[in-house]
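A short worksheet on the structure shown next.
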Amino acid sequence: GLGIPAEPLFRSRDDYTTAEVVASQDDPYSGWQTIPEKIYYGEDCAVTSIGESAFEGCDGITYLAIPSSITHIGKYAFRDCGSNMEVQIVNLAAWCKVEFGNEHSSPLSSAKKFYLKDSGAYAYKHEVKSLYIPNGVESISNFAFYQCRSITSLIIPGSVKSIGSSAFEDCTGLTSIYLSEGVKSIGGSSFEGCTGITSLVLPSSLTSIAINAFKNCSSINTIVSRIQSPFAFIENVFSTYSTATVIVPEGTTTAYQSTSGWNLFENITDDSSQAPAKRTIHVTTAGTLPNLVSGDEFYIEELILTGE
């Protein structure tokens, strides 16, 4: 009767060394919820999973903190949780490895704000707008950032070889993404519905793009492909075949025009002058890059330091 939010309930897994968060037996979870890394069942049990429908319908949760010990989130765990929840992830690299049961498993789809508590550059309760996947992460799980509408830009390093299905689907706040050299595969619907993206650079390392990967990304008007030998893909990958300009490596226009998938684009050119211009920054005094550059947002692909 005091109105204190119920703490998460747990059950021990079969091996009695790990535990799973389960649904409340009484009122839905609400208020501030912190999932611990471990609980005590006679001995310490690591909290490794959030069970199926554990938080389903809990639209009164205002803040949810998820530890890096979580490796699995069950189906419908966060379905119908409203849109006012603030979510804190403790470790971004660990989050990219979580196994999500379906599109209702990630709390980020209900997140009004997304915070990261991590070592190094990220301080406690750092709100994430620009999402930098940590170098060393090799893959991004299916649904990992599904409908995370609070992020505005994304950088994926070359250590990431595969981007999972629906990993960034309906991230409608995204206006820019950067895929580094090293990325090999883009999963089905991985960026579907990201309506704010206007341009796209595909690295030369890319070998596959799955169905609906960029479906309904209706604002894409420029695609720069650095793929020297274009691979075929099925027709339902992009939605801007008639409006986007595809800029390809010099001398490869004919190859693109004769390759399934790419041949659906009406405007393919190897005219590099239409590609985003390179910028040169002359550093004459000590300082940080934000002090040296201004204007539109851009990413550094190559940084050459010479002199003393």
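Scope of the values below: all heavy atoms of this structure, side chains included, with no hydrogens, waters or symmetry mates.
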Keeping Trp262 on the side-chain end and Ala255 on the backbone end, is there a donor-acceptor pair under 3.5 Å? no
Could you go step by step and tell me if Thr245 and Ile223 meet the side chain to side chain contact (heavy atoms under 4.5 Å, CB included) rule? CA-CA 6 Å; Thr245 298; Ile223 299 171; over 6 Å; no
Is a donor on one side and an acceptor on the other found under 3.5 Å between the side chain of Trp95 and the backbone of Ile89? no
Side-chain donor/acceptor pairs under 3.5 Å, residues 201-211, sequence neighbours excluded:
unit_1	atom_1	unit_2	atom_2	d
Ser204	OG	Glu181	OE1	2.8
Ser204	OG	Glu181	OE2	3.3
Ser205	OG	Gly182	N	2.7
Ser205	OG	Val183	N	3.3
Ser205	OG	Val183	O	2.8
Thr207	OG1	Lys184	O	3.2

Does Gly251 offer a backbone N or O that forms a donor-acceptor pair with the side chain of Asp270 under 3.5 Å? yes
Among side-chain atoms of Tyr63 and Gln33, is any donor-acceptor pair under 3.5 angstrom? no
Any donor and acceptor pair, going by atom type alone, linking the side chain of Ser150 with main-chain N or O of Lys113 inside 3.5 Å? no
Is there a donor-acceptor pair under 3.5 Å between the side chain of Ser190 and the backbone N or O of Ile186? no
Backbone of Asn135 reached by a side-chain donor or acceptor of Ser159 within 3.5 Å: no
Listed partners of Tyr76 passing ring pair (Phe, Tyr, Trp, His ring centres under 6.0 Å), at least two apart: His104
Quick note, salt bridge (charged side-chain N to carboxylate O under 4.0 Å, His left out) partners involving residues 53-66, not counting sequence neighbours, are Glu56-Arg79
Rounded distance [0.5 Å steps], CG in Leu200 versus OG1 in Thr222: 10.0 Å
By side chain to side chain contact (heavy atoms under 4.5 Å, CB included), which residues pair with Asn216, not counting sequence neighbours? Glu192, Ser239
So, Ser258 side chain and Thr254 main chain: donor-acceptor pair closer than 3.5 Å or not? yes
What's the shortest heavy-atom distance between Tyr29 and Val22, and which atoms? OH-O, 2.6 Å
Tell me which one of Phe191, Phe233, Tyr241 satisfies ring pair (Phe, Tyr, Trp, His ring centres under 6.0 Å) with Phe214. Phe191
For Leu108, does its backbone N or O pair with a side-chain atom of Ser106 as donor and acceptor, under 3.5 Å? yes
Listed by chain and number, what are the salt bridge (charged side-chain N to carboxylate O under 4.0 Å, His left out) partners of Lys129, not counting sequence neighbours? Glu127
Step by step, work out the side chain to side chain contact (heavy atoms under 4.5 Å, CB included) result for Ser162 and Ser185. CA-CA 5 Å; Ser162 62; Ser185 68; 3.2 Å; yes
Any residue meeting ring pair (Phe, Tyr, Trp, His ring centres under 6.0 Å) with Tyr146, in chain and number order, not counting sequence neighbours: none
Tyr115 versus Val87: any side-chain heavy-atom pair under 4.5 Å? no
For Glu37, all residues meeting side chain to side chain contact (heavy atoms under 4.5 Å, CB included), sequence neighbours excluded: Pro67, Ser68, Ser69
Step by step, work out the side chain to side chain contact (heavy atoms under 4.5 Å, CB included) result for Ile197 and Thr175. CA-CA 4 Å; Ile197 299 171; Thr175 57; over 6 Å; no
When every non-hydrogen atom of Lys112 is compared with those of Ser83, the smallest separation belongs to CB-O, 3.5 Å
Pairing residues for Lys75 by the salt bridge (charged side-chain N to carboxylate O under 4.0 Å, His left out) criterion, not counting sequence neighbours: none
Drop me the distance from Ile70's CD1 to Glu99's CD, to the nearest 0.5 angstrom. 12.5 Å
Between Ala167 and Ile163 the two heavy atoms that sit nearest each other are CB-CG2, 4.0 Å
Would you compute the distance between atom CG of Asn221 and atom OG of Ser199 and round it to the nearest 0.5 angstrom? 7.0 Å
Going by side chain to side chain contact (heavy atoms under 4.5 Å, CB included), name the residues that satisfy it together with Val137, two or more places apart in sequence or in a different chain. Ala93, Cys96, Ile133, Pro134, Val160
Do any N or O atoms from the side chain of Thr172 and from the backbone of Cys194 form a donor-acceptor pair under 3.5 angstrom? no
When you measure from the side chain of Thr48 to the backbone N and O of Thr18, does any donor-acceptor pair fall under 3.5 Å? no
Could you state the interatomic distance from OG1 (Thr34) to CG (Leu64), rounded to the nearest 0.5 Å? 8.0 Å
The criterion is side chain to side chain contact (heavy atoms under 4.5 Å, CB included); which residues satisfy it with Ala232, sequence neighbours excluded? Thr259, Ser260
Decide if the gap between the ring center of Tyr256 and the ring center of Phe265 is smaller than 6.0 angstrom. no
Set of residues satisfying ring pair (Phe, Tyr, Trp, His ring centres under 6.0 Å) with respect to Phe78, sequence neighbours excluded: Phe55
Which pairs, with at least one residue in residues 144-171 and sequence neighbours excluded, count as a salt bridge (charged side-chain N to carboxylate O under 4.0 Å, His left out)? none
